[in-house]
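Working notes for the structure below.
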Number of protein chains: 2
Amino acid sequence: MKLNSIDIKLLALLQEDATMQIADLAEQVGLTQTPCWRRVQRLKESGVIAKNVVLLDPLRVNVGVTVFVAVRTSIHSEEWFERFRATVSLIPEVVEFYRMSGDVDYLLRVVVPDIAAYDKVYKRLIAGNQVSDVSSSFAMEQLKFTTALPLSYAR
Amino acid sequence: MKLNSIDIKLLALLQEDATMQIADLAEQVGLTQTPCWRRVQRLKESGVIAKNVVLLDPLRVNVGVTVFVAVRTSIHSEEWFERFRATVSLIPEVVEFYRMSGDVDYLLRVVVPDIAAYDKVYKRLIAGNQVSDVSSSFAMEQLKFTTALPLSYAR
DNA sequence: TGTGAAACCCTTTTCTT
DNA sequence: AAGAAAAGGGTTTCACA
């Protein structure tokens with residue numbers, strides 16, 4: 001789907017606050033309700049807008065600690081990968097999971113309340129999977145976290 | 001704010017889909033509209049629910065490439081940190097930014113369309129900041145990404 | 001493709017148990 | 001605290017330019 005500058009504006013606004021009303025959105029982008037509504041609808045249907053979710057305050061649900069886990073493996077078979085992928089994806093504390101280039105094979109972001117809780121997740125990670133090296137790095141402070149993607153490259 | 005099991009259920013549902021209607025939410029948690037609405041309201045007011053946003057498909061807005069950037073510095077002064085923090089936070093391609101323990105001082109997640117675009121962000125990162133070492137790792141594949149926090153630790 | 005107004009449905013309030 | 005019902009408001013549709 002091709003995006004024009006009004007679409008980009010709408011996406012920028014909705015990425016920050018999805019509770020905005022159509023009338024307000026319309027005003028911000030210089031349209032009236034109906035055409036604005038139709039555009040937002042198209043953005044949803046086309047899949048550019050993938051989801052509408054609520055973001056929780058990590059501290060208030062007691063997962064203030066972020067750990068980055070770098071995993072190296074010696075086995076590089078398809079079966080191993082599928083198994084690893086399946087088990088890791090199901091762990092709710094793992095909120096991000098990437099296959100990497102370079103010396104680290106996989107990178108995970110894990111959220112937990114404390115180090116003790118992390119140790120349990122760690123054990124679950126290595127249980128049943130042949131991982132040759134796991135290295136955990138703790139985040140001391142989250143300086144920025146946004147779900148808003150940059151829109152300067154959209155076309 | 002203390003969360004009971006109904007609150008947890010509501011948070012779980014809204015973390016996945018914030019467009020759910022109060023009537024449907026109410027049914028899922030075994031309440032009628034009014035008390036359900038009041039609970040959701042309380043969750044918003046108390047800040048447990050921090051935001052309601054739309055998530056975009058990264059590929060459809062042309063930022064399919066994720067790069068993790070590990071930054072080391074030799075200077076550890078407060079001024080340097082504030083300056084670095086301020087400049088990095090303002091870069092829209094930087095979607096996550098952590099101060100780390102261990103040998104890496106800062107970790108960034110950057111989203112861009114391609115390597116050429118990353119190079120521009122890289123130059124912006126090192127310009128004006130005395131960083132002693134920057135190491136970039138490219139994600140080949142995003143195996144999991146969720147904004148839904150685990151709720152088993154909430155209390 | 002944009003406009004204005006009406007219809008509809010969900011949210012929010014009020015009253016009651 | 002929870003429920004039922006009514007009031008209020010936003011979204012969605014429709015006819016038209």
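Given the structure is predicted, the values throughout are model-derived calculations rather than measurements. Order of the sequence lines sets the chain letters (A, B, ...), proteins ahead of strands, with each chain counted from 1.
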Taking the side chain of [X] as its heavy atoms from C-beta onward, which of [options] lies nearest to it?
| X | options | result |
| --- | --- | --- |
| B/Arg38 | D/dA4, C/dG2, C/dT14 | C/dT14 |
| B/Gln41 | C/dG2, D/dT11, C/dT12 | C/dT12 |
| B/Gln33 | C/dT12, C/dG2, D/dT11 | C/dT12 |

Between B/Trp37 and C/dT12, is there a contact of a side-chain N or O with OP1 or OP2 at under 4.0 Å?
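Checking B/Trp37 against C/dT12: at least one side-chain N or O falls below 4.0 Å of OP1 or OP2.
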If you compare every side-chain N and O of B/Thr34 against the phosphate oxygens of D/dG3 (OP1, OP2), does one of them come in below 4.0 Å?
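B/Thr34 to D/dG3 OP1/OP2: no side-chain N or O under 4.0 Å.
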Is a donor from one side chain sitting under 3.5 angstrom from an acceptor on the other, for A/Ser136 and A/Tyr118?
yes
Verify the distance criterion only: is there a donor paired with an acceptor across the side chains of A/Asn4 and A/Arg39 at less than 3.5 Å?
yes
Measure the distance from [atom1] on [X] to [atom2] on [N] and round it to the nearest whole Å.
| X | N | atom1 | atom2 | answer |
| --- | --- | --- | --- | --- |
| A/Gln21 | C/dT12 | CD | P | 10 Å |
| A/Ile22 | C/dG2 | CD1 | P | 14 Å |
| B/Arg39 | C/dT12 | CZ | C1' | 18 Å |
| B/Leu31 | D/dG3 | CG | C1' | 10 Å |

Check the angle between the aromatic planes of A/Tyr98 and B/Phe68 and answer parallel, tilted or perpendicular using the 30° and 60° thresholds.
perpendicular
Test item: A/Val65 and A/Val111 side chains (from C-beta on) under 4.5 Å apart, heavy atoms
no
Nearest-nucleotide 5' precedence on DNA chain D, B/Arg42 against A/Ala23:
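Its nearest nucleotide being more 5', the pick is B/Arg42.
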